[in-house]
Amino acid sequence: MSVMVDRLPRVKLLLLDGHSLAYRAFFALPVENFSTSTGQHTNAVYGFTAMLINVLRDEAPTHVGVAFDVSRKTFRADEYPDYKAGRSVTPAEFSGQLPLLREVLDALRIRHVGVEGFEADDVIATLTRQAVEAGHEVVICTGDRDAFQLVSDKVTLLYPVRGVSEVWRMDPAAVTEKYLVAPERYSDLAALVGESSDNLPGVPGVGPKTAAKWLAQYGDLAGVVAHVDEIKGKVGENLRAHLDGVLRNRRLNRLVDDLELPLGVPDLERASWDREEVHRVFDGLEFRVLRDRLFQTFEVEQDEVEGGFELEGEVVHAPDLPLRFGDGAHGRRMPHGVVVVGHYRGGGGDAGAVAFAGEDGTTGYLDLTALTPAEEAVLAAWLADPDAPKVLHDAKEQLQALSCRGLELRGVRSDTALAAYLVRPDQRSFDLEDLVVRHLGRELKAETGAGDQGMLDFAADDDAAEREAMVRARAVLELSQVLATRLEETGGTELLRDLELPLVDILARMERTGIAVDEPALTALEADFGAKMRQAQEDAWEAIGRRDVNLGSPKQLQEVLFDQLGMPKTKRTKTGYTTDADALADLFVKTEHPFLEALLRHRDTSRLRVTVEGLIKSVAPDRRIHTTYIQTIAATGRLSSTDPNLQNVPIRTEEGRRIREVFVVGEGFESLMSADYSQIEMRIMAHLSGDEGLIEAFRSGEDLHRFVGARVFGVEPGDVTPAMRSKVKAMSYGLAYGLSAFGLSKQLTITTGEAQGLMDEYFARFGGVRDYLREVVAEARATGYTATMLGRRRYLPDLMSDNRQRREGAERMALNAPIQGSAADIIKLAMKGVDGALTAEGARSRILLQVHDELVVEVAPGEREAVEALVRREMGAAVEMDVPLDVSIGVGRSWHDAAH
DNA sequence: GACTGAACGTA
DNA sequence: CGTACGTTCAGTCG
């Protein structure tokens, strides 16, 4: 028998009162510090979650459950209508957070339960009884003192004090010490003393001391009642007068421990949480620190429940290479996971080793510096063989590292980062570590089987890097198989194979090539902007008669603008009042204070100076700038450019445009060519909506905004004034972003009514556009995702949110994603087309940059005409649409001069 | 040193 | 109360 008991797993059950803990947090944490950028209050969720994490860490329970009050109508209120009547109405800011709290629990896979007509504590009492009867240990966390009655040698209670910053650990001794009665008598004591928070009055003049004395003397409340006539004095009289109330209190504070529950203790066993969901939910709540703490605290425990990767098969060493990867060798056509150990950044890098894992269970690790020429030749041939299938994670960087060693990489059949991105493009991270957990439910580590525990410990330290690389190679291979299924399910197989993977190679070449810059001109520009910035700073200081203000500090500026100069307050930000350019311009109109003019000038020039400074820092030894394109960042499918970002080089102002003059044609080339799609997003909208009017606009060849303006304002195209045109232009573009009448009015400085009128007029003429926009959101709501012309999906679960801000935000994303995303698809196709055609025609000209709707090409001598024709052809023919894809091209010695 | 929010550049 | 990004700075925290 005792053997049986020993073998039973120990159970430690943690029960939390969701309602009372969240309510405590709601009042303890200042809401100003706990709100999302969309205005959702999160203080209650935050406080509860923080406490939950702490308790999980400190108590390490095996089972967890959370109880909720379902409504305020309980059997207690039926018996005593004034029950809890003293409490103010539950604030909407609190109840609005309860669904979020449940989302957190769901993501953490913690069960929660509530029973109509009963309180959370009754649920807790029921589960506690069940657990205690089964011989389990129980920890209860609640802010409700009624639960003290449940404390026993098996049951501990954690009671939050000082808001939620601390908990008292109440075992029987602690309860007795604090209340002078044993836990099972606590409710008797509370009935006598009363509970103000529940609006249960006690006996006047009787506090815990007196009550405890009586209970000690007569055993329990029944004993006190039996001897009620023996109690002398004023308090005795009071007791007799209030006896009914005391007995009622006792009936009400007795917790119900025999509820019918939809789940039992075994259902509360802790499961590993849904990592993806945790990221999504915590991202939404903007709980960054808390999420990190969660992962940090429980990473180890998660490890325990998940496996690693086998490295048990044959190990291939350098001398084995010809046998495995030589011509006709059996490993040649076998898919392998590959990991290149190396680095690449800003045009330079190196590769030190290659690890691989084959489908037959073999692994290998090859130190590239230790290979004989013959061995290296075999490896190089295998790596470069387009028919030798390989799978990598984030192939571009590794491909770059290899290329720095003169090695080519072909035959990449999947890239697990790209595949995961296509499956769910808005993820925080596509690190291999995360994907392995997310899609395989395992950790990125070597498997240590039951028989060979400690094997890893025996391995020497310098083997650790090798083993890690091989584990990664194995993980990539396995991951790619799972992701292939996910991709098939979400229709992304072709996108990966035919679009994103071919793009990897093109982007890698663009990065390695870089774009030439005129360094002396760049330096001169920095000096010029620097001088103008200092002049503006002097003027600004002069205007306010002090020099101790950092013009780059919004905080100090607020002090000057609103305190010293007493200007009217601007729009609120999280931390004060905005000092952004719009607001400053607004203040200038109102006050005409010279400080504002100088300040704005300082903003502009210092920003330009900083931009130039950043560019100077990133010029490589070859006097070119090598950006890095990231293919897995933008949820819509766009690329992003970083280190430096060459997709946000100024163009709108004349001063800013000067920066584009320093991006020049490189030595041995003839000119730079800039080719961009005109109004591609509007054309996509015309195509997708099928709106006859808009399609006609593009087919007519008339200026788009003039054409639309003529329809909207009911005039001849020739009579569209510049003001009419700019209004229509703003509206056309705004539509693709989900612009509201309010937003339009704000932008055009007209009344909301006028803006609404404008929109009505627009939709009356272009009804197909309105129908399309409505349809796109409706479909996304039905399917859960939007899709681009090539089927690139974006999932938007927030379309179903009962939080209005989040829902409406998701609706705007749903409007925009197919349009922006289709444009991204199109230019990616165009890049493939242009790159392929340049190669096919044997041209030396090459693509240097992509800026969302623009390609910058470096034109080799004598190729200008051919390349222009080729680019126009390939960009224009990227997809077949109901409207033409108009490409506009310019050529010059600099990026600025190539503008058109 | 790591992180956040404000501000601002692009499509 | 208009989408999608990346970078910089000041300010704050540990």
Side-chain angles (χ1 to χ4, degrees), chain A residues 33 37-39 286 288-289 292 425-426 549-558 570-584 599-600 603-604 606-615 617-618 627-630 632-653 655-657 659-660 676-682 730-748 752 755-756 773 786 794 796 804-805 808-821 823-824 827 849-854:
Chain A
N33 303 346
S37 46
T38 55
E286 300 175 11
R288 293 185 193 83
V289 177
D292 292 349
D426 32 19
V549 179
N550 181 345
L551 300 180
S553 162
K555 198 178 165 195
Q556 294 179 38
L557 283 179
Q558 287 173 54
T570 55
K571 221 178 81 182
R572 274 218 69 109
T573 67
K574 235 175 187 175
T575 53
Y577 299 93
T578 183
T579 64
D580 67 20
D582 276 350
L584 294 181
L599 177 59
L600 281 165
R603 278 264 175 87
D604 286 343
S606 79
R607 173 133 189 120
L608 290 170
R609 195 192 63 81
V610 165
T611 303
V612 171
E613 201 177 53
L615 290 173
K617 280 187 201 141
S618 46
T627 185
T628 300
Y629 289 102
I630 307 182
T632 54
I633 289 275
T636 52
R638 277 188 176 180
L639 297 177
S640 81
S641 157
T642 174
D643 199 17
N645 181 356
L646 292 187
Q647 291 180 325
N648 72 342
V649 178
I651 192 168
R652 289 187 185 165
T653 67
E655 286 284 270
R657 264 199 296 276
I659 298 179
R660 293 194 171 215
D676 64 43
Y677 285 116
S678 8
Q679 300 134 346
I680 188 167
E681 298 198 340
M682 286 306 295
M731 186 158 52
S732 287
Y733 281 104
L735 287 177
Y737 300 148
L739 185 69
S740 65
F742 179 89
L744 184 65
S745 72
K746 203 93 191 235
Q747 190 186 321
L748 298 177
T752 316
Q756 189 59 58
L773 294 173
T786 61
R794 178 175 186 184
L796 291 164
R804 193 176 127 183
Q805 288 202 54
E808 291 182 345
E811 285 169 1
R812 290 191 293 272
M813 293 175 202
L815 285 181
N816 178 251
I819 299 168
Q820 191 185 115
I827 195 154
L849 303 178
Q850 189 254 44
V851 193
H852 307 310
D853 67 355
E854 173 191 13

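So you know, we letter chains A, B, ... as the sequences are listed, proteins then strands, and number each from 1. These figures come from a predicted structure and were not determined experimentally.
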What is the distance from CG of A:L739 to C1' of C:dG2, rounded to the nearest Å? 5 Å
Applying salt bridge (charged side-chain N to carboxylate O under 4.0 Å, His left out) to A:E854 and not counting sequence neighbours gives none
Is A:R652 touching bases, backbone alone, or none of the nucleic acid, heavy atoms closer than 4.0 Å? base
Sorted by chain and number, sequence neighbours left out, salt bridge (charged side-chain N to carboxylate O under 4.0 Å, His left out) with A:R609 holds for A:E526, A:E613
I'd like to check the ring pair (Phe, Tyr, Trp, His ring centres under 6.0 Å) partners of A:F742; sequence neighbours left out, ordered by chain and number. none
In chain order, what residues pass the side-chain contact (heavy atoms from CB on, under 4.5 Å) check against A:T575, with sequence neighbours excluded? A:T573
Just call it for A:T611: base, sugar-phosphate, or nothing, with non-hydrogen atoms closer than 4.0 Å on any strand. nothing
Test side-chain contact (heavy atoms from CB on, under 4.5 Å) applied to A:D582 - qualifying residues, sequence neighbours left out: A:D580
Strictly under 4.0 angstrom, non-hydrogen atoms only: write out the protein contact profile of nucleotides 4-14 of chain C, one letter per nucleotide from the 5' end, B, S or -. BSBSS-SSS--
Sorted by chain and residue number, the side-chain contact (heavy atoms from CB on, under 4.5 Å) partners of A:T570 (sequence neighbours excluded) come out as A:F562, A:Y577, A:T578, A:A583, A:L587
Give a yes/no answer on whether the side chain of A:R812 brings an N or O atom under 4.0 Å of OP1 or OP2 in C:dG2. no
Check every strand shown and say whether A:A581 touches a base, only sugar-phosphate, or nothing at a heavy-atom separation below 4.0 Å. sugar-phosphate
With sugar-phosphate meaning primed atoms plus P, OP1 and OP2, does A:I651 contact a base, only sugar-phosphate, or nothing at under 4.0 Å between heavy atoms? sugar-phosphate
Partners passing salt bridge (charged side-chain N to carboxylate O under 4.0 Å, His left out) against A:E655 (at least two apart in sequence or in another chain): A:K532, A:R658
For DNA chain B, note the earliest and the latest nucleotide, 5' to 3', having some atom under 4.0 Å of a heavy atom belonging to chain A. B:dT4 to B:dA11
Could you walk me through whether A:L615 and A:L646 satisfy the side chain to side chain contact (heavy atoms under 4.5 Å, CB included) test, starting with their C-alpha distance in whole Å, then the side-chain angles of each, then the deciding distance to 0.1 Å, before giving a yes or no? CA-CA 9 Å; A:L615 290 173; A:L646 292 187; 4.0 Å; yes
